Amino acid sequence: MEEYSYECLMTFLDMQDRLFDEPVAQTPEEAEAFLWDCMAEVVDSLDDVRDYLDQMGMDTQGMTDLELEEASEVFPLPSGGYLIVGA
């Protein structure tokens, strides 16, 4: 199993409202458990985000990079990577 970095956990906690109406986690431990349960992925670039979403069946062909980055399941990380959370 992948271990999520503190940066991923805090980013998810701070931005979870872009994907969920109500918080699904309150602490880093709860965030990590939730991310494991939904098999969240961490990728390095928007190209990797596009590839991942395409593999999951989402049609990203007409999406700009900005639209891709603003997708509700994509969480940009301060270090430059992306956390992708399937709801």
Side-chain angles (χ1 to χ4, degrees):
M1 261 199 235
E2 179 177 347
E3 186 173 317
Y4 299 100
S5 69
Y6 183 75
E7 175 188 39
C8 287
L9 300 177
M10 297 311 295
T11 298
F12 177 73
L13 286 171
D14 290 343
M15 299 178 68
Q16 63 183 308
D17 62 342
R18 78 188 284 171
L19 185 58
F20 302 103
D21 291 334
E22 297 180 19
V24 296
Q26 300 290 333
T27 65
E29 294 80 14
E30 290 175 354
E32 185 167 40
F34 181 82
L35 294 174
W36 278 16
D37 286 347
C38 66
M39 295 183 277
E41 291 286 328
V42 178
V43 298
D44 295 326
S45 69
L46 279 175
D47 287 338
D48 293 338
V49 170
R50 189 178 303 277
D51 290 344
Y52 178 84
L53 294 177
D54 284 341
Q55 289 175 8
M56 295 285 103
M58 183 176 177
D59 181 14
T60 63
Q61 188 170 357
M63 294 178 74
T64 66
D65 285 350
L66 180 60
E67 290 171 328
L68 198 60
E69 191 171 75
E70 292 177 346
S72 59
E73 59 269 281
V74 178
F75 294 74
L77 300 172
S79 65
Y82 296 90
L83 173 66
I84 307 170
V85 180

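Source: prediction; values computed, not measured.
- Taking the centre of each ring, Phe20 and Phe34 come in below the 6.0 Å mark.
- Residues Phe75 and Asp14 are not in side-chain contact: their nearest non-hydrogen atoms beyond the backbone lie 4.5 Å or more apart.
- If you chain together ILVMFWY residues whose side-chain heavy atoms come under 4.5 Å of each other, Met56 ends up grouped with Val43, Leu46, Val49, Tyr52, Leu53, Met58, Met63, Leu68, Val74, Tyr82, Ile84.
- The two atoms that bring Gly86 and Cys38 nearest to each other are O-CB, 3.3 Å, heavy atoms only.
- For Glu70, the side-chain hydrogen bond (donor to acceptor under 3.5 Å, both in side chains) criterion is met by no residue, not counting sequence neighbours.
- Partners of Asp54 by side-chain hydrogen bond (donor to acceptor under 3.5 Å, both in side chains), not counting sequence neighbours, listed by chain and number: Thr60.
- Contact record, Cys8 with Val42: SG-CG2, 3.7 Å, taken as the closest heavy-atom pair.
- No donor-acceptor distance shorter than 3.5 angstrom exists from the side chain of Glu30 to the backbone of Val24, with no hydrogens or angles considered.
- Between the OG atom in Ser72 and the CE atom in Met15 there is a gap of 10.5 Å [rounded to 0.5 Å].
- When atom types are taken as modelled, the side chain of Glu73 and the backbone of Leu19 share no donor-acceptor pair closer than 3.5 angstrom.
- Side chains of Asp17 and Pro23 form no contact here, defined as non-hydrogen atoms less than 4.5 Å apart.
- Residues Ala71 and Arg18 approach most closely at O-NH2, 3.3 Å, considering heavy atoms.
- With a 4.5 Å cut-off between side-chain heavy atoms of Ile, Leu, Val, Met, Phe, Trp and Tyr, the cluster of Met10 takes in Tyr6, Leu13.
- When all heavy atoms are compared, the tightest approach of Leu83 to Phe12 is CD2-CB, 4.0 Å.
- Within the structure, salt bridge (charged side-chain N to carboxylate O under 4.0 Å, His left out) contacts touching residues 58-69 (residues at least two apart or in different chains) are Arg50-Asp65.
- Note on Val85: it does not cluster hydrophobically with Met39, by side-chain heavy-atom contacts below 4.5 Å among ILVMFWY residues.
- How far OG of Ser79 is from CG of Asp44: 9.0 Å, rounded to the nearest 0.5 Å.
- The side-chain hydrogen bond (donor to acceptor under 3.5 Å, both in side chains) check on Ser5 picks up nothing, with sequence neighbours excluded.
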